[in-house]
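Shown next, in structure tokens, is the structure this report addresses.
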Amino acid sequence: MSAVPSRRRRGLPAPVAFWVQASVLVVLMAASSAPSPLYPLYQELWGFPPVVITVVFAAYVLALLTALLTVGSLSDHLGRRPVVLACLGLEIVSMLVFDLAGSEAALVAARLVQGVATGAAMGALGTYLIELEPPARPGLGTVLNGAGPTLGLAAGAVASSLIVAAAPGAVHSIYVVLLAVLVLQVVATALGPETVERTPGILASLRPRVQFPPAVRRSALWVLPAAAATWSLGGLVLSLGPSVVRSMTGEDSVVLTGLLVAALTGTGGLTTLLLGPVRAARVLVFGMSTLVVGMAATVAGLLTGSVGLYFAATVVAGVGFGAGFLGVLRTLLPQAAPHQRAGLLSAIYVVSYLANSIPAVAAGALAERIGLVPTAVGYAGMVLLLALFVLAGQAVQARPSAGPGSAGS
């Protein structure tokens, strides 16, 4: 599919459309994390067992992965703008279901719709940002692809927890706020430019597959475990994090659980923005080294029962989260041709969300057998080992002859 950056419709100029789509990425991810601090409140209201929380979490990820595997490359054929508009429409539907929810079944339904919307948007939206980025700021689209999801996850969790803390009876207020923002983004996206021409092959593109172009595969073998490490850590914090905090403090504090999510994802997003100009290989090594330190400190905090140490460790791990995932994107995306980027980005997110979901669901089941703290310690150890594997791989690759293209851009 050929890029057509010179083609413009009447409406928003490309620089404005770029920031609109950056905001769409942040808001979609904020909407995905907004329910997380509210799960304990829903559990109190409706009296469902803890396993239902992991079911709700798994429903979202299952729908998201299905969308990534089937429609992840659709925008390469149909165009970026129509796919993003359809995803925003689905996200609006999910907000309405959340707002009207009266049972755990409604939560599962809302998360299924939301998962489809988010999964379908990731490849199209990420590539759209790269194609709309200002010529004077090359690489900014890739940086925001790394920072946007983490900043959005932090914003959604914090906003949700603060709203409920201020008005305990207004559990659904966050969805009304997000709904209003999404409607505005639909209008702004509709006025934006298209960056690619339509091409045949729409039906063929819907066949489930994970697409790693040949030029990317060797690097992906060593680099993708970094995505698995960072996003599996995100799964731990988003699924078991609230329960871990409650077990350590003895309090059901929605604000604390929201701050825990922000400690990881907000720190990660800010780190991504700060490290934008740094060479990809250095970013990746820095991210994995910091993640090792953060996970070691997490284990210490869990074993000692120190809430302060646990939060500090999560902040350090958040630096590794942001730098590590940025390193993955900046290493792999430049190696793909423009028409392969949406599919490659979707494939990276498939790996990331598999790592985000499968260990978290398994940990939820295991925690009922061996206890929450031992499970969280083992989980942190798994993340630490993945980070060490990536560091070892980077050392092996650097030792023989590090070609000029090996580090990404």
Side-chain angles (χ1 to χ4, degrees), residues 25 29 65 68 72 122-123 125-127 129-130 139-153 210-213 215-235 264-265 267-269 271-292 294-295 317-336 340-356 383-398 402 405-409:
L25 179 60
M29 298 309 294
L65 288 173
L68 281 171
M122 298 310 289
L125 193 52
T127 311
L129 272 175
I130 292 171
L140 182 60
T142 302
V143 171
L144 290 181
N145 267 304
T150 49
L151 289 174
L153 289 171
V210 176
Q211 177 186 347
F212 287 100
V216 176
R217 289 172 190 168
R218 188 178 175 205
S219 294
L221 179 66
W222 294 103
V223 170
L224 278 176
T230 54
W231 283 79
S232 60
L233 173 59
L264 179 75
T265 56
T267 304
T271 300
T272 302
L273 293 174
L274 292 173
L275 294 179
V278 181
R279 201 162 58 93
R282 290 184 179 178
V283 172
L284 188 59
V285 169
F286 172 72
M288 292 300 98
S289 301
T290 311
L291 197 59
V292 167
M295 288 298 92
V319 174
F321 180 97
F325 191 59
L326 177 63
V328 172
L329 295 179
R330 293 201 40 216
T331 299
L332 297 183
L333 288 178
Q335 299 179 35
Q340 298 171 328
R341 285 175 185 158
L344 173 59
L345 194 56
S346 293
I348 292 171
Y349 277 114
V350 166
V351 173
S352 300
Y353 273 100
L354 282 172
N356 182 261
V383 174
L384 190 153
L385 289 175
L386 281 170
L388 288 174
F389 174 84
V390 176
L391 289 173
Q394 291 298 298
V396 168
Q397 285 187 302
S406 64
S409 63

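Bear in mind the structure is a predicted one, so any value in this text is a computation, not a measurement. The figures here come from the full heavy-atom set of this structure, side chains too, leaving out hydrogens, waters and symmetry mates.
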**Prompt:** Is any side-chain heavy atom of Met288 less than 4.5 Å from a side-chain heavy atom of Leu386?
**Reply:** no
**Item:** Side-chain heavy-atom pair Gln335, Leu344 within 4.5 angstrom cut-off
**Value:** no
**Val223 side chain reached by Gln394 side chain, heavy atoms, under 4.5 Å** = yes
**Message:** Any heavy-atom pair between the side chains of Phe321 and Thr150 that's under 4.5 Å?
**Reply:** yes
**Request:** Kindly say whether Ala227 contributes a backbone atom to a donor-acceptor pair with the side chain of Thr230 at under 3.5 angstrom?
**Result:** yes
**Request:** Give the minimum heavy-atom separation between Ala280 and Thr331, together with the two atoms involved.
**Result:** CB-OG1, 3.7 Å
**Request:** Show your working on side-chain contact (heavy atoms from CB on, under 4.5 Å) between Met122 and Leu25 and close with a plain yes or no.
**Result:** CA-CA 8 Å; Met122 298 310 289; Leu25 179 60; 4.3 Å; yes
**Request:** Rounded to the nearest 0.5 Å, what's the gap from CG on Leu224 to CG on Leu332? Could you check?
**Result:** 6.0 Å
**Prompt:** What pair of heavy atoms forms the shortest contact from Gly123 to Thr127, and how long is it?
**Reply:** O-OG1, 2.7 Å
**Request:** Could you pull out the closest heavy-atom pair between Trp222 and Gly393, with the gap in Å?
**Result:** CE3-CA, 3.2 Å
**Message:** Could you tell me if the side chain of Leu291 sits less than 4.5 Å from the side chain of Val390, heavy atoms only?
**Reply:** no
**Asked** Is the side chain of Thr272 donor-acceptor paired with the backbone N or O of Leu326 at a distance under 3.5 Å, no angle test?
**Response** no
**Request:** Measure the acute angle between the ring planes of Tyr353 and Trp231, then classify it against the limits of 30° and 60° as parallel, tilted or perpendicular.
**Result:** tilted
**Item:** Heavy-atom closest pair, residues Met295 and Ala317
**Value:** CE-CB, 3.7 Å
**Message:** Within the structure provided, determine whether Val328 and Ile348 are in side-chain contact (heavy-atom separation under 4.5 Å).
**Reply:** yes
**Message:** Any heavy-atom pair between the side chains of Leu273 and Leu144 that's under 4.5 Å?
**Reply:** yes
**Which atom of Val292 lies closest to which atom of Leu384, heavy atoms considered** = O-CD1, 3.8 Å
**Request:** Please name the pair of heavy atoms, one in Ala387 and one in Ala229, separated by the smallest distance, quoted to 0.1 Å.
**Result:** N-CB, 4.3 Å
**Prompt:** Between Asn356 (side chain) and Ser232 (backbone), is there a donor-acceptor pair under 3.5 Å?
**Reply:** no
**Asked** For Ala323, what residues pass the side-chain contact (heavy atoms from CB on, under 4.5 Å) criterion, not counting sequence neighbours?
**Response** Thr271, Leu275, Val283, Phe286
**Side chain Arg330, main chain Val278, donor-acceptor under 3.5 Å** = yes
**Request:** List in chain and number order the residues that pass side-chain contact (heavy atoms from CB on, under 4.5 Å) with Arg217, two or more places apart in sequence or in another chain; answer none if no residue qualifies.
**Result:** Phe212, Pro214
**Prompt:** In Å, rounded to the nearest 0.5 Å, how long is the span from CG of Leu284 to CG of Leu391?
**Reply:** 7.5 Å
